Amino acid sequence: MFSYRHAFHAGNHADVLKHTVLIATLQHLLQKDAALTVLDTHAGAGLYRLDGDYASTSAESADGILRLVAPATPPTLAPALQDYVDMVRAFNQGEATRVYPGSPFIIQRLLRAQDRLKLFELHPTDARALAGNVAQLDAGRQVAVLAQDGFEGARQFLPPPSRRAFVLCDPSYEIKSDYARVQDMLQDALRRFATGVYAVWYPIIPRPEAHELPRRLKTLAQKAGKPWLHATLTVKSGKTAPAGTAPGRRPGLPASGMFLVNPPFTLDAALRAALPQMAELLAQDRHAAWTLEGGAP
C-alpha cells in the first residue's frame with residue numbers, strides 16, 4: 001500500500017501540467033480579499049531534491065521541468081507556463097535547478113495571511129518529511145499537516161468558515177480503488193460545498209479505470225449543474241518503451257490529465273496558450289499532443 005513515493009517522479013511532465021494549472025487557478029482565486037481554504041488530499045513530502053537518490057534514479061525531471069529551465073528554452077513562454085517556471089526558480093539559487101517544490105510549497109508560497117492550507121499525507125515516511133519541511137516555514141496556524149487519508153479527511157473542512165475553498169486531489173492511483181474514491185470524494189464534496197473549486201489530476205494509462213474517470217467526473221459536474229474544464233498532455237506513445245530504455249524497466253508515464261469543476265473563467269484561455277508549448281517542449285516522440293475541453297451548466 002505504501003510503495004508509491006512522489007520523489008521518484010518530481011518535476012516530470014505530469015508535474016508541469018498539474019502545477020501550471022494549480023498556480024493559474026490559485027492566482028485567480030486569490031484576487032478576492034475573502035479568505036481561501038486550500039485542501040491538498042495527497043500532499044507528498046512537499047519539497048524534493050532533483051539531484052537526490054530518488055529523483056536521480058528515474059531522472060524524470062530531465063524530460064520535465066529541466067527542459068523548461070534549460071538555456072535553449074524559447075525566451076517567450078505562455079504566461080501560465082512562465083509563472084510555473086518562475087515559481088520553481090524561486091526555490092533555487094543560481095542557475096542550477098536542484099530543488100523542486102511540490103504542491104504544498106507552491107500553494108503556501110502564494111497564500112496570504114488570511115488563507116489556510118490543510119495538507120493530508122498517509123504515507124508514514126512522506127508524512128514525517130512533510131511535517132519537517134513545513135516546520136521550517138514558520139507558517140504557524142496557516143498550514144496544518146494531517147497524517148491521514150485525504151479522501152476522508154477533506155470532508156471535515158467542507159464547507160469552510162469563509163465559504164471559499166479549493167481542493168487539489170492527486171492520488172498515485174497505484175491502488176485501483178483510487179479511481180472510484182476520487183469520484184466518490186468529488187460527489188460528496190459537491191453535495192457538501194457546491195461552490196468549491198475542485199481539481200483532479202489523473203494518469204492516462206492503458207487501464208479502463210483511467211479512461212473512465214474523466215467521463216465520470218464530467219457526468220458528475222453536469223448533473224450538479226457546474227462548469228468544468230478538462231486538460232490533457234501527452235508526451236509520447238504509451239505503447240512502446242523509448243529507444244535505449246533498460247530491459248525490464250517500465251517505460252514511464254506517457255500522458256496525464258487535469259479535470260476541474262468550477263474552474264476560474266480565466267483558466268481556459270491560459271491553458272490554450274500554455275498547452276501547445278508544453279506539448280512541443282516536452283515531446284518525447286511524434287505522438288506528443290494536448291487537448292482542452294470544457295462545459296458550462
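These numbers come from a predicted model, not from an experiment. Numbering starts at 1 and runs along the sequence shown.
Salt-bridge formation is detected for the pair Asp149/Arg181: a Lys NZ or Arg NE/NH1/NH2 atom is positioned less than 4.0 Å from an Asp or Glu carboxylate oxygen.
Contact annotation: the side chain of Val38 never approaches that of Asp115 to less than 4.5 Å [non-hydrogen atoms, C-beta and beyond]. In this structure, the side chains of Asp178 and Ile175 come closer than 4.5 Å at one or more pairs of heavy atoms. Looking only at side-chain heavy atoms (C-beta outward), Leu275 and Thr232 stay at 4.5 Å or farther from each other. Side-chain contact check for Asp170 versus Val200: every heavy-atom pair is 4.5 Å or farther apart. A heavy-atom distance below 4.5 Å is found between the side chains of Leu110 and Met87. Counting heavy atoms from C-beta on, the side chains of Phe157 and Leu146 come closer than 4.5 Å.
Remark: the backbone N or O of Glu174 is paired with a side-chain donor or acceptor of Ser172 at under 3.5 angstrom. Asn92 contributes a side-chain N or O that, together with a main-chain N or O of Val99, makes up a donor-acceptor pair within less than 3.5 Å. Here the side chain of Asp126 pairs no donor or acceptor atom with the backbone of Leu122 at under 3.5 angstrom. Of the possible polar contacts, one joining the Arg116 side chain to the Ala113 backbone as a donor-acceptor pair under 3.5 Å is found. Of the possible donor and acceptor atoms, none in the side chain of Asp188 sits under 3.5 Å from a partner among the backbone N and O of Asp184. Between the Glu60 side chain and the Ala10 main chain, no donor and acceptor come within less than 3.5 Å of each other. The closest donor-acceptor contact from the side chain of Gln187 to the backbone of Val182 lies at 3.5 Å or more, if one exists at all. No side-chain donor-acceptor contact under 3.5 Å links Gln183 to the backbone of Ala180. Checked by atom type and distance alone, the side chain of Asp63 never pairs as donor or acceptor with a backbone atom of Gln284 at under 3.5 Å. Checking side-chain atoms of Ser61 against main-chain N and O of Gly11 turns up no donor-acceptor pair under 3.5 Å.
To the nearest 0.5 Å, atom CE of residue Met258 and atom CG of residue Leu267 are 8.5 Å apart. Within the model, atoms NE2 of His211 and CZ of Arg216 stand 13.5 Å from one another, a figure rounded to the nearest 0.5 Å. Remark: Lys18 NZ to Thr20 OG1 distance equals 11.5 Å, nearest 0.5 Å. Within the model, atoms CD of Gln222 and CG of Leu217 stand 11.0 Å from one another, a figure rounded to the nearest 0.5 Å. Taking CG of Leu190 as the start and CG of Leu220 as the end, the distance is 7.0 Å to the nearest 0.5 Å. Atom CG of residue Leu39 and atom CG of residue Leu158 lie 5.5 Å apart, to the nearest 0.5 angstrom.
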query: Does the side chain to side chain contact (heavy atoms under 4.5 Å, CB included) test come out yes or no for Val197 and Val167, once each step is laid out?
result: CA-CA 6 Å; Val197 177; Val167 179; over 6 Å; no

- request: List the steps and the verdict of side chain to side chain contact (heavy atoms under 4.5 Å, CB included) for Ile65 and Asp15.
  value: CA-CA 8 Å; Ile65 180 59; Asp15 269 358; over 6 Å; no

task: Apply side chain to side chain contact (heavy atoms under 4.5 Å, CB included) to the pair Thr25 and Leu29, showing each step before the final yes or no.
output: CA-CA 6 Å; Thr25 300; Leu29 293 176; 4.0 Å; yes

Derivation and outcome, side chain to side chain contact (heavy atoms under 4.5 Å, CB included), residues Ser162 and Leu36: CA-CA 7 Å; Ser162 65; Leu36 179 71; 5.9 Å; no

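The two residues Leu17 and Ala231 make their nearest non-hydrogen contact at CD2-O, 4.3 Å. For the residue pair Ala147 and Ala127, the shortest heavy atom distance occurs at CB-CB, 4.2 Å. The heavy-atom pair separating Asn262 from Gly196 by the smallest distance is ND2-O, 2.7 Å. Scanning both residues, Asp285 and His287, for their nearest heavy atoms gives OD1-N, 2.8 Å. Taking each heavy atom of Pro263 and Leu229 in turn, the nearest pair found is CG-CB, 3.9 Å. Here the closest heavy-atom approach between residue Leu130 and residue Glu121 is recorded as CD2-CB, 4.1 Å.
Counting heavy atoms of neighbouring residues, nucleotides and ligands inside a 6.0 Å radius, atom CZ of Arg112 exceeds 12 of them. More than 12 heavy atoms of other residues, nucleotides or ligands sit less than 6.0 Å from atom CD of Gln148.
Centroid-to-centroid, the aromatic rings of His28 and Phe166 stay 6.0 Å apart or farther. Separation of the His230 and Tyr202 ring centroids falls under the 6.0 Å cut-off.
Between Tyr179 and Tyr173, the ring-plane angle classifies as tilted under the 30° and 60° cut-offs. The aromatic rings of Phe151 and His42 lie perpendicular to each other, with more than 60° between the two planes, well past the 30° mark.
Judged by the 6.0 Å distance and 45° axis criteria, Arg98 is not positioned over the aromatic ring of Phe91.
A donor-acceptor contact under 3.5 angstrom links the side chains of Ser103 and Asp40, judged on distance only. When only modelled atom types and interatomic distance are considered, Thr234 and Trp290 share no side-chain donor-acceptor pair under 3.5 Å.
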